[in-house]
Amino acid sequence: MSITLSGDQSMPAPPLSSRLTPAQVWGIVLLAPYLLVFLAFVVYPVCYGLWLARAPSNYVALYHDPIFARAAINTLIFLVIGINIKMLIALFLSGFFAQQRTWIKWLSVIFILPWAVPSIPTILSVRFMLNPEWGVINHLIFSFTGDDGPNWLNDPTVALSMAIGVHIWKSLPFWTLILITGRLAIAHDLFEAAEVDGASWWQKFRYITWPSMQTLYITCTLLSMIWTLGDFNSVYLLTGGGPADLTHVLSTLGIRYLRLDQLSLAMASIVCAMPFVLPLVYFMMKRLSR
């Protein structure tokens, strides 16, 4: 005796393997290792760090730590002053290196070396140069003037300024190269027409170069701020957060707490950087989606 199914009853869906094409199956197979790596080395560490920093007592302890307040101010100074100076210099250097001259091409090879060389030897070499006893800078000062040079990294303001300068020197070539590509994408006919009309270099920059590169420049500035928030090399390798822990930024402050076996405070200090990061990510994604 057979059983008749009602007409409105839906048939069972076919298995997933029969609904995917061979190309889609291979795409999933090849994508799976990258997804596992992303989950293991990005999602899990971030979630674990947030879990470690979940206790409100961690943020109360940070609030009462004067070093944390100084690190937050230093981070803001690093972003506002360092990033803007770096991007302005990169903007004008991109116009210099975009010139089609042989000696400028060879000079650009030397210019890119600070970015190409690893951070540890380059920044430590700057630290050795600033040594008050046997550093090359104080040695030159003594050779020309007969006076002993200052202890460069013993003053918090000078030490933080040196760290900002090292950061600019180290990352400037990369952003200059990015802005060079933006300049080269501008039609050369616009500059030729401006020259015929007698426009000065400032007028060409104001009415041709800047409108064409404004979106790229702002996007690079936002991206540079996001990357700089996680950059601890410039401060940690040059000053170590000293003197007296007065040049710490939020990224190096987390390392300080780790050295004191205060893992929860280290994670909480990094979580406190979220108010800096999230608005930058939002504005950058909003600009890129246009």
Side-chain angles (χ1 to χ4, degrees), residues 16 20 23-59 61-62 68 71-72 74-76 78-79 82-83 86-87 115-123 163 166-167 170-175 177-178 181 215-216 218-237 241 248-290:
L16 181 62
L20 296 177
Q24 292 174 332
V25 173
W26 277 108
I28 294 175
V29 171
L30 296 176
L31 186 62
Y34 296 96
L35 181 60
L36 293 176
V37 170
F38 179 78
L39 292 174
F41 294 99
V42 177
V43 176
Y44 173 73
V46 170
C47 294
Y48 183 63
L50 293 175
W51 182 79
L52 289 175
R54 70 191 186 280
S57 59
N58 295 326
Y59 302 97
L62 287 178
F68 171 76
N74 290 341
T75 302
L76 188 61
F78 214 101
L79 293 178
I83 301 303
K86 175 180 65 178
M87 296 307 299
W115 173 70
V117 177
S119 298
I120 294 178
T122 53
I123 298 178
V166 167
H167 170 77
K170 190 74 177 66
S171 57
L172 181 63
F174 174 78
W175 298 110
L177 287 176
I178 299 297
T181 59
T215 300
L216 177 62
I218 296 176
T219 303
C220 289
T221 301
L222 294 175
L223 187 59
S224 178
M225 288 185 175
I226 296 172
W227 287 355
T228 303
L229 280 170
D231 175 28
F232 69 94
N233 291 333
S234 302
V235 175
Y236 193 77
L237 295 177
H248 275 297
V249 292
L250 290 178
S251 57
T252 61
L253 186 62
I255 303 298
R256 176 184 179 273
Y257 287 131
L258 284 177
R259 294 176 60 184
L260 298 175
D261 293 329
Q262 296 174 328
L263 182 58
S264 59
L265 286 181
M267 294 297 103
S269 64
I270 295 175
V271 170
C272 288
M274 291 295 182
F276 292 101
V277 176
L278 295 180
L280 296 176
V281 174
Y282 171 76
F283 286 116
M284 188 185 69
M285 297 305 297
K286 185 177 181 181
R287 180 165 292 276
L288 290 176
S289 62
R290 292 179 180 177

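Residue numbers count from 1 along this sequence. As the structure is a prediction and not an experimental result, all values here were calculated from the model.
Ring pair Trp115/Phe174 is tilted by interplanar angle, where 30° to 60° counts as tilted.
At least one side-chain heavy atom of Ile83 sits under 4.5 Å from a side-chain heavy atom of His167. Under the 4.5 Å side-chain criterion, counting only non-hydrogen atoms from C-beta, Phe232 is not in contact with Leu237.
Residue-environment remark: CD1 (Ile120) stays at or below the threshold of 12 foreign heavy atoms within 6.0 Å.
Smallest separation of non-hydrogen atoms from Ile178 and Leu216: O-CD2, 3.8 Å. Minimum heavy-atom separation, Leu79 to Met225: CD2-O, 3.7 Å. Smallest separation of non-hydrogen atoms from Leu253 and Ala71: CD2-CB, 3.9 Å. In this structure, Lys86 and Leu172 approach most closely via the heavy-atom pair O-CD1, 3.4 Å. When all heavy atoms are compared, the tightest approach of Leu250 to Ser269 is CD2-O, 4.2 Å. Contact record, Ala163 with Phe78: O-CZ, 3.9 Å, taken as the closest heavy-atom pair.
Looking only at distances, no side-chain donor or acceptor of Asn74 sits under 3.5 Å from a matching main-chain atom of Val249.
The structure places OG of Ser234 at 4.5 Å from CD1 of Ile123, a figure rounded to the nearest 0.5 Å. A distance of 11.5 Å separates CD1 of Ile270 from CG of Leu265, quoted to the nearest 0.5 Å. Taken to the nearest 0.5 Å, the CG atom of Asp231 stands 10.0 Å off from the OG1 atom of Thr252.
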For Trp175 and Leu223, run side chain to side chain contact (heavy atoms under 4.5 Å, CB included): C-alpha distance rounded to whole Å, both residues' side-chain angles, the deciding distance at 0.1 Å, then the answer. CA-CA 10 Å; Trp175 298 110; Leu223 187 59; 4.0 Å; yes
Candidate pair Trp227 and Ser171, rule side chain to side chain contact (heavy atoms under 4.5 Å, CB included), full reasoning: CA-CA 11 Å; Trp227 287 355; Ser171 57; over 6 Å; no
Ignoring hydrogens and angles, write down the donor-acceptor pairs under 3.5 Å from the side chains of residues 36-59, residues two or more places apart or on other chains.
residue: Arg54; atom: NH1; partner: Trp51; partner atom: O; Å: 2.7
residue: Asn58; atom: OD1; partner: Ser264; partner atom: OG; Å: 3.2
residue: Tyr59; atom: OH; partner: Ala53; partner atom: O; Å: 2.8

